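These numbers come from a predicted model, not from an experiment. Along the sequence shown, residues are numbered consecutively beginning with 1. Heavy atoms only: backbone and side chains are in, while hydrogens, waters and symmetry mates are out.
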Amino acid sequence: MTVFHKLVLASASPRRMELLQQAGLEPDRLVPANVDETPLRAEHPRSLAKRLSREKAERALAVLKADGEAENSFIVAADTVVAVGRRILPTPELIDEAAQCLRLLSGRNHRVHTAVCLVTPNEAYRQRLVETRVRFKRLSQDDIEAYLASGEWRGKAGGYAAQGIAGSFIVKIVGSYSSVVGLPLYEVTTLLAGEGYPIRSGWLNAV
């Protein structure tokens, strides 16, 4: 008997959706899982990313159970945290917050921590954390003002989008580019394959 596996993305992020599609994976359902992303007192950036990815996965599972759709579902949740040292940068919605982020990142190295949490059909939780080092060029005031005017920073961890205009600010990346964008594809596909999800089933239609 053939079992139909369902892939659920616990996010409304177009970037994460596009990354999954890039890997030949098409989610059967999107379940945006909004959680309070406020760091706990003295919480390390890595710990925050892992905690939030788990909370998102738990929230999505609860929704699927309430809808009677949890059976045979693989849930993928992720959270991205940008930090300079132990200082966690916000996901700005206000232009002043974004400006502070850009000034802090200018000419410096920072780290992008993306945690992935997979919930299997047996409700087992599997997590991976990917840490990537990124260096920005020194930003001029014109760079900052023009980028703020673009609006691209809105809703992005650390106030920038590596796959957009801000890609021209990046001097060097050591680690996973897809993780900086929001979903580390190697880790996601490895987790899914390890738990029996047919990750290659959509490859024939990918081109």
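Looking only at side-chain heavy atoms (C-beta outward), I173 and R133 stay at 4.5 Å or farther from each other. Looking at Q22 and L185, their side chains come closer than 4.5 Å, going by heavy atoms from C-beta outward. Between L25 and T189, the closest side-chain pair of non-hydrogen atoms falls below 4.5 Å. Taking the side chain as every heavy atom from C-beta outward, L191 and V116 approach each other to under 4.5 Å. Looking at V181 and L19, their side chains come closer than 4.5 Å, going by heavy atoms from C-beta outward. When side chains are defined from C-beta on, T114 does not count as touching L129, because their heavy atoms never get closer than 4.5 Å. Residues F136 and R108 fail the side-chain proximity criterion, which asks for heavy atoms closer than 4.5 Å. The side-chain heavy atoms of Y160 and V134, taken from C-beta on, include a pair separated by under 4.5 Å.
The OH atom of Y197 sits 8.0 Å away from the CZ atom of F74 when rounded to the nearest 0.5 Å. Summarising the geometry, atom OG belonging to S106 is positioned 9.0 Å from atom NZ belonging to K137; distances are rounded to the nearest 0.5 Å. Separation of atoms OG1 (T132) and OH (Y177) is listed at 12.0 Å; rounding is to 0.5 Å.
The side chain to side chain donor-acceptor pair (under 3.5 Å) pairs that include a residue from residues 91-104 number zero, where partners must be two or more places apart or lie in different chains. Sequence neighbours left out, the pairs with a member in residues 60-69 that pass side chain to side chain donor-acceptor pair (under 3.5 Å) are R29-D67, R29-E69, K65-E123.
Taking the salt bridge (charged side-chain N to carboxylate O under 4.0 Å, His left out) definition, one finds that R126 meets it with E195, sequence neighbours left out. For E37, the salt bridge (charged side-chain N to carboxylate O under 4.0 Å, His left out) partners at least two apart in sequence or on another chain are K56. Residues satisfying the side-chain contact (heavy atoms from CB on, under 4.5 Å) criterion with E71, sequence neighbours excluded, are absent altogether.
Residue S53 forms a side chain to side chain donor-acceptor pair (under 3.5 Å) with just one option from E58, Q127, R128, and that option is Q127. With H110 as the partner, the side chain to side chain contact (heavy atoms under 4.5 Å, CB included) test is satisfied by one option alone out of V82, L89, L104: V82.
Each of V81 and W153 belongs to its own hydrophobic cluster when Ile, Leu, Val, Met, Phe, Trp and Tyr are linked at side-chain heavy-atom distances under 4.5 angstrom. One hydrophobic cluster holds both L183 and L7 under the rule that ILVMFWY side chains link at heavy-atom gaps under 4.5 Å.
By the 6.0 Å and 45° rule, R54 stacks over the aromatic ring of Y125.
For the pair C101 and P90, the tightest heavy-atom approach, listed with the atom from each and the gap, is SG-CD, 3.6 Å. Nearest heavy atoms, I170 versus A162: CD1-CB, 3.8 Å. Shortest non-hydrogen contact noted between P32 and A12 is CG-CB, 3.7 Å. P184 and S178 make their closest contact through CA-OG, 3.4 Å (heavy atoms, listed as atom of the first residue, atom of the second, distance). Residues S176 and V130 approach most closely at CB-CG1, 4.0 Å, considering heavy atoms. The shortest non-hydrogen separation linking E152 to I165 is OE2-N, 2.8 Å.
Side chain to side chain, T80 and R16 meet the donor-acceptor criterion of an N or O pair below 3.5 Å.
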Can you give the donor-acceptor pairs under 3.5 Å from side chains of residues 45-52 to other protein atoms, not counting sequence neighbours?
residue	atom	partner	partner atom	Å
R51	NE	E43	OE2	2.8
R51	NH1	E55	OE2	3.0
R51	NH2	T38	O	3.3
R51	NH2	E43	OE1	3.0

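Salt-bridge annotation for R138 and D143: absent, with no side-chain N of the basic residue lying under 4.0 Å from a carboxylate O of the acidic one.
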